[in-house]
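Only one structure is covered here, and it is reproduced in the block below.
Below, each value reflects all heavy atoms present in this structure, side chains not excepted, and no hydrogens, waters or symmetry copies. Each chain gets a letter, A, B and so on, in the order its sequence line appears, and its residues count up from 1.
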There are 2 protein chains.
Amino acid sequence: MKLNTKSRYAVMALADMAVFSSDNAVSLRDISLRQGISILYLEQIFLRLKKNNIVKSVRGINGGYILVKSPKELKISDILLALDQKVKTIGCKKDSKKSCNGKSTKCITHNFWDELDIHINSFFENKKLSDLLKNREVRI
Amino acid sequence: MKLNTKSRYAVMALADMAVFSSDNAVSLRDISLRQGISILYLEQIFLRLKKNNIVKSVRGINGGYILVKSPKELKISDILLALDQKVKTIGCKKDSKKSCNGKSTKCITHNFWDELDIHINSFFENKKLSDLLKNREVRI
DNA sequence: ATATACCCGACTAAAATAGTCAAGTTTTTG
DNA sequence: CAAAAACTTGACTATTTTAGTCGGGTATAT
């Protein structure tokens with residue numbers, strides 16, 4: 001039960017942007033150097049973040065990305081959603097009355113998995129990007 | 001971010017055993033028929049459950065498996081642990097002071113992922129197998 | 001002009017997943 | 001005793017997912 005690296009790197013990169021925010025856009029090159037993530041991979045990630053209106057881009061020299069919302073307003077759940085990282089712990093269809101595991105009724109554990117999803121999603125819903133920056137250790 | 005089927009089926013199968021408990025052992029064949037899970041796959045799962053002392057086996061005709069603990073005492077986290085389904089949402093080493101993503105210090109989001117792990121694990125720690133059986137729908 | 005940096009689809013190697021298969025052993029019952 | 005039911009175990013495999021890379025763009029500041 002792991003979060004994929006795309007989601008993890010997305011959160012890292014956006015946290016990086018929040019820390020090194022300024023009036024200027026933050027380039028992927030800088031994020032790459034500071035966080036140790038490949039530029040090529042960051043491009044792929046930021047493409048999704050842009051499409052989902054988490055960041056906006058500035059092209060050309062001195063270009064880069066800018067957070068659309070302030071870190072205080074940006075929910076972690078929004079970031080994960082942008083990367084299709086659904087927190088759907090099992091395969092049962094959430095709302096349908098039938099077809100859990102090919103059976104005609106809800107499987108015996110259906111409600112439990114629903115609870116789990118809610119539990120995890122509420123964690124991401126309630127966390128803002130700014131929450132990650134509190135009490136953080138000094139980095140080199 | 002999904003739970004694998006082994007874990008899911010393990011919980012389903014054990015819940016099934018709890019429902020259809022009796023003095024007799026429950027055979028994988030019966031669980032397979034009721035829950036729609038391949039016997040061959042159940043065998044693989046129950047091997048781990050047995051090794052981790054979640055169930056004990058009775059061989060021969062009318063054999064099967066028996067829960068070692070009562071459903072009231074069996075934590076879901078014990079089941080997941082038996083199937084190596086660690087709830088470790090990222091790759092950062094939990095306790096080490098170094099080497100998050102190849103950097104010399106904890107990565108910027110390290111503490112956040114730790115919190116997430118704790119959040120999810122506490123859910124599984126606090127749920128007992130018996131909790132899954134409450135208010136369940138009637139199954140065919 | 002040209003260097004920098006975003007844009008975007010396609011591709012791929014490696015790992016994980018979700019099983020199956022084969023070849024047993026043990027125990028009950030007729 | 002023989003046979004069938006049921007557990008035991010390691011190995012194998014097809015499919016899917018993951019974690020990226022590659023190539024060829026386009027936009028813009030200097």
Side-chain angles (χ1 to χ4, degrees), chain A residues 1-13 17 23-33 35-68 80 82-86 88-91 101-102, chain B residues 1-13 17 24-33 35-68 80 83-86 88-91 101-102:
Chain A
M1 182 142 172
K2 287 202 305 190
L3 219 51
N4 60 23
T5 57
K6 277 204 184 77
S7 301
R8 177 186 163 200
Y9 290 167
V11 175
M12 280 181 76
M17 287 177 70
D23 296 339
N24 303 335
V26 180
S27 72
L28 294 188
R29 188 173 169 280
D30 288 352
I31 296 174
S32 170
L33 288 172
Q35 302 301 330
I37 305 168
S38 138
I39 291 191
L40 292 166
Y41 206 27
L42 281 174
E43 280 183 357
Q44 203 183 106
I45 292 166
F46 273 76
L47 190 64
R48 324 278 318 246
L49 293 175
K50 191 191 171 190
K51 274 184 182 158
N52 285 276
N53 207 38
I54 308 285
V55 295
K56 56 188 173 187
S57 63
V58 179
R59 298 185 78 152
I61 269 184
N62 296 325
Y65 290 94
I66 297 170
L67 289 170
V68 168
L80 300 186
L83 290 149
D84 285 340
Q85 184 64 47
K86 296 180 194 80
K88 189 81 191 60
T89 46
I90 52 144
N101 205 26
Chain B
M1 181 143 172
K2 286 202 306 189
L3 218 51
N4 61 23
T5 57
K6 278 204 184 77
S7 302
R8 178 187 163 199
Y9 289 166
V11 174
M12 281 182 75
M17 286 177 69
N24 303 335
V26 180
S27 72
L28 295 187
R29 188 172 169 280
D30 287 352
I31 296 173
S32 170
L33 288 172
Q35 302 302 330
I37 306 168
S38 141
I39 290 191
L40 292 165
Y41 207 26
L42 281 174
E43 283 181 354
Q44 203 182 109
I45 292 165
F46 273 76
L47 187 63
R48 322 282 314 249
L49 293 175
K50 191 191 170 189
K51 274 184 182 159
N52 286 274
N53 206 38
I54 308 286
V55 296
K56 56 188 171 189
S57 64
V58 179
R59 298 186 81 152
I61 267 184
N62 295 325
Y65 291 92
I66 297 171
L67 291 169
V68 168
L80 301 187
L83 289 149
D84 285 340
Q85 185 65 44
K86 298 182 192 79
K88 189 82 192 60
T89 46
I90 52 144
N101 205 28

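- The distance from atom CG of Leu47(B) to atom P of dC7(D) is 12 Å, rounded to the nearest whole Å.
- Rounded to whole angstrom, the span from the CG atom of Asn24(B) across to the P atom of dT29(C) amounts to 11 Å.
- The shortest distance between side-chain heavy atoms of Ile39(B) and Glu43(B) falls below 4.5 Å.
- At whole-Å resolution of the value, CG in Asn4(B) and C1' in dA15(C) are 14 Å apart.
- Between Ser57(B) and the phosphate of dT8(D), there is a side-chain N or O to OP1/OP2 separation shorter than 4.0 Å.
- For the pair Tyr65(B) and Leu49(B), the minimum side-chain heavy-atom distance is 4.5 Å or more.
- An OP1 or OP2 oxygen of dG19(C) is reached within less than 4.0 angstrom by a side-chain nitrogen or oxygen of Tyr9(B).
- In this structure a side-chain-to-backbone donor-acceptor pair under 3.5 Å is present from Ser32(A) to Ile37(A).
- For Arg59(A) against dT4(C), no side-chain N or O and base N or O form a donor-acceptor pair under 3.5 Å.
- With DNA chain C read from its 5' end, the first of the two nearest nucleotides for Glu43(B) and Lys51(A) is the one closest to Lys51(A).
- In this structure, CZ of Phe46(B) is placed 20 Å from P of dA5(D), rounded to the nearest angstrom.
- When the side-chain nitrogen and oxygen atoms of Asn62(B) are compared with OP1 and OP2 of dT29(C), one or more of them lie within a distance under 4.0 Å.
- In this structure, the NZ atom of Lys2(A) is 12 Å from the P atom of dA15(C), given to the nearest Å.
- Counting only distance, with no hydrogens or angles, the side chain of Ser57(A) and the backbone of Arg59(A) share no donor-acceptor pair below 3.5 Å.
- At dA18(C), one or more side-chain N or O atoms of Thr5(B) fall inside 4.0 Å of OP1 or OP2 (strictly under the cut-off).
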Report task. Could you give me the CA-CA distance, side-chain angles and deciding distance for Asn62(A) and Asn24(A), then say whether side chain to side chain contact (heavy atoms under 4.5 Å, CB included) is met? Result -> CA-CA 8 Å; Asn62(A) 296 325; Asn24(A) 303 335; over 6 Å; no

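- Heavy atoms of Tyr65(B) sit under 4.0 angstrom from primed sugar atoms or phosphate atoms, though from no base atom.
- Among the heavy atoms of the strands, none lies under 4.0 Å from Ile39(A).
- What separates CD of Gln44(A) from P of dA10(C) is a distance of 13 Å, to the nearest Å.
- Between Leu40(B) atom CG and dT20(C) atom P the separation is 6 Å, expressed in whole Å.
- Proximity of Lys50(A) to the phosphate of dC6(C): no side-chain N or O atom is located under 4.0 Å from OP1 or OP2.
- For Tyr41(B) and dC12(D), the OH to P distance is 19 Å, given to the nearest whole Å.
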